[in-house]
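Before any comments, here is the structure.
Side chains are part of it too, since the values below use all heavy atoms of this structure and drop only hydrogens, waters and symmetry mates.
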Amino acid sequence: MNFKEISTEEAQKHPEYGFGGGLYLVYVVAIIWCLHSAYIVFLDADYELVLFYGYENFTMADFTSFLQLGLTLPFLYLAPRLNPVMPSVAVSLFSVNWMIWFTFGMISPRAVPVAIVVSLVSAFMIIYIMRSTRVNVTYRNRVPRSEER
């Protein structure tokens, strides 16, 4: 998609400006991932959820869950503050999260369905952040070139 740079004032007047729309969905998914990871790291003492996914290496599950928690927190902080680095940070963080789940899906056959779902959700989130008019107007101050402003 080809974009045209606009001023901050023009961006703030644009109807797509602000934290809303599809970003709410991405934000909710990120919160769920954080809660999921925090549960595995801090509350799943018997590793019931980890075993349900088919993983037997508990140390690796703890490490990757802690990593996922740490990777999601910057997005949760930057997105509602309309910080201009959010899209770049989010794409890189969600890409790493995607690869973690994809790898787990390759390691354990029982984890394949969950890994597929998480991979599809991650791909949607990454594509949304890269191509969304709302994200581009709000965080990057640019609009699709086809849009006359």
Side-chain angles (χ1 to χ4, degrees), residues 1-44 49-50 52-55 60-149:
M1 189 176 275
N2 200 1
F3 290 97
K4 173 183 144 190
E5 299 293 323
I6 59 175
S7 69
T8 303
E9 294 78 27
E10 286 178 298
Q12 290 172 344
K13 292 176 186 172
H14 194 280
E16 291 285 323
Y17 183 83
F19 183 77
L23 270 176
Y24 284 140
L25 179 61
V26 172
Y27 202 77
V28 167
V29 169
I31 289 171
I32 291 169
W33 278 347
C34 272
L35 294 174
H36 174 267
S37 296
Y39 176 79
I40 289 174
V41 171
F42 300 112
L43 300 175
D44 195 11
L49 187 57
V50 174
F52 171 76
Y53 291 146
Y55 309 136
M60 183 60 75
D62 282 339
F63 173 73
T64 55
S65 293
F66 184 76
L67 184 62
Q68 288 173 321
L69 180 63
L71 289 173
T72 308
L73 291 176
F75 168 75
L76 294 177
Y77 177 79
L78 296 171
R81 287 167 178 71
L82 307 183
N83 191 303
V85 300
M86 184 284 291
S88 300
V89 168
V91 167
S92 62
L93 300 179
F94 294 149
S95 296
V96 171
N97 187 52
W98 182 6
M99 288 304 104
I100 288 170
W101 275 94
F102 181 80
T103 302
F104 269 144
M106 301 298 284
I107 292 171
S108 172
R110 286 182 39 202
V112 169
V114 173
I116 289 171
V117 169
V118 173
S119 292
L120 291 173
V121 170
S122 296
F124 163 77
M125 291 168 57
I126 291 166
I127 291 167
Y128 175 81
I129 288 171
M130 289 174 29
R131 298 186 52 93
S132 164
T133 300
R134 177 175 303 280
V135 171
N136 278 289
V137 168
T138 303
Y139 298 94
R140 295 182 171 136
N141 293 342
R142 61 187 192 177
V143 294
R145 191 153 304 271
S146 62
E147 190 174 311
E148 297 300 321
R149 284 243 156 238

message: Are Leu82 and Phe19 packed together at the side-chain level, in the sense that at least one heavy-atom pair is separated by less than 4.5 angstrom?
response: yes
statement: In terms of heavy-atom contacts, Asp44 and Leu49 come closest through OD2-N, 3.0 Å
- request: Measure the CE-CZ distance between Met99 and Phe94 for me, rounded to the nearest 0.5 Å.
  value: 14.0 Å
message: Surrounding OH of Tyr17 (heavy atoms of other residues, nucleotides or ligands, distance under 6.0 Å), is the total greater than 12?
response: yes
Under 3.5 Å, which donor-acceptor pairs link side chains of residues 27-41 to any protein atom two or more places apart or in another chain?
| from | atom 1 | to | atom 2 | distance (Å) |
| --- | --- | --- | --- | --- |
| Tyr27 | OH | Leu76 | O | 2.7 |
| His36 | NE2 | Tyr53 | OH | 2.7 |
| Ser37 | OG | Trp33 | O | 3.1 |

statement: Rounding to 0.5 Å, atoms CG (Asn83) and OG1 (Thr138) come to a distance of 12.5 Å
task: Flag yes if more than 12 heavy atoms outside Met60 fall under 6.0 Å of its CE atom; otherwise flag no.
output: no
message: side chain to side chain contact (heavy atoms under 4.5 Å, CB included), that's the test. Do Phe75 and Val89 meet it? Break it down for me.
response: CA-CA 7 Å; Phe75 168 75; Val89 168; 5.7 Å; no
Nearest-0.5 Å distance that lies between atom CD1 in Ile6 and atom CD in Gln12: 9.5 Å
task: Among Ile100, Asn97, Leu69, find the residue that satisfies the side chain to side chain contact (heavy atoms under 4.5 Å, CB included) test when tested with Thr64.
output: Ile100
message: Would you compute the distance between atom CZ of Arg145 and atom CG of Asn2 and round it to the nearest 0.5 angstrom?
response: 5.0 Å
field: Steps toward side chain to side chain contact (heavy atoms under 4.5 Å, CB included) verdict (Phe3, Val143)
entry: CA-CA 5 Å; Phe3 290 97; Val143 294; 5.7 Å; no
Pairing residues for Ser132 by the side-chain hydrogen bond (donor to acceptor under 3.5 Å, both in side chains) criterion, not counting sequence neighbours: Tyr128
- request: State, yes or no, whether a side-chain contact exists between Val96 and Ser92 at a heavy-atom distance under 4.5 Å.
  value: no
- request: Give the minimum heavy-atom separation between Arg140 and Met130, together with the two atoms involved.
  value: NH1-O, 4.0 Å
task: Can you measure from CZ (Arg142) to NE2 (His14) and round to the nearest 0.5 angstrom?
output: 13.0 Å
- prompt: Could you walk me through whether Leu23 and Tyr139 pass the side chain to side chain contact (heavy atoms under 4.5 Å, CB included) check?
  reply: CA-CA 12 Å; Leu23 270 176; Tyr139 298 94; 3.7 Å; yes
- request: Output all residues satisfying side-chain hydrogen bond (donor to acceptor under 3.5 Å, both in side chains) with Ser88, sequence neighbours left out; order by chain, then residue number.
  value: none
Whether Arg134 side chain and Gly20 backbone form a donor-acceptor pair below 3.5 Å: yes
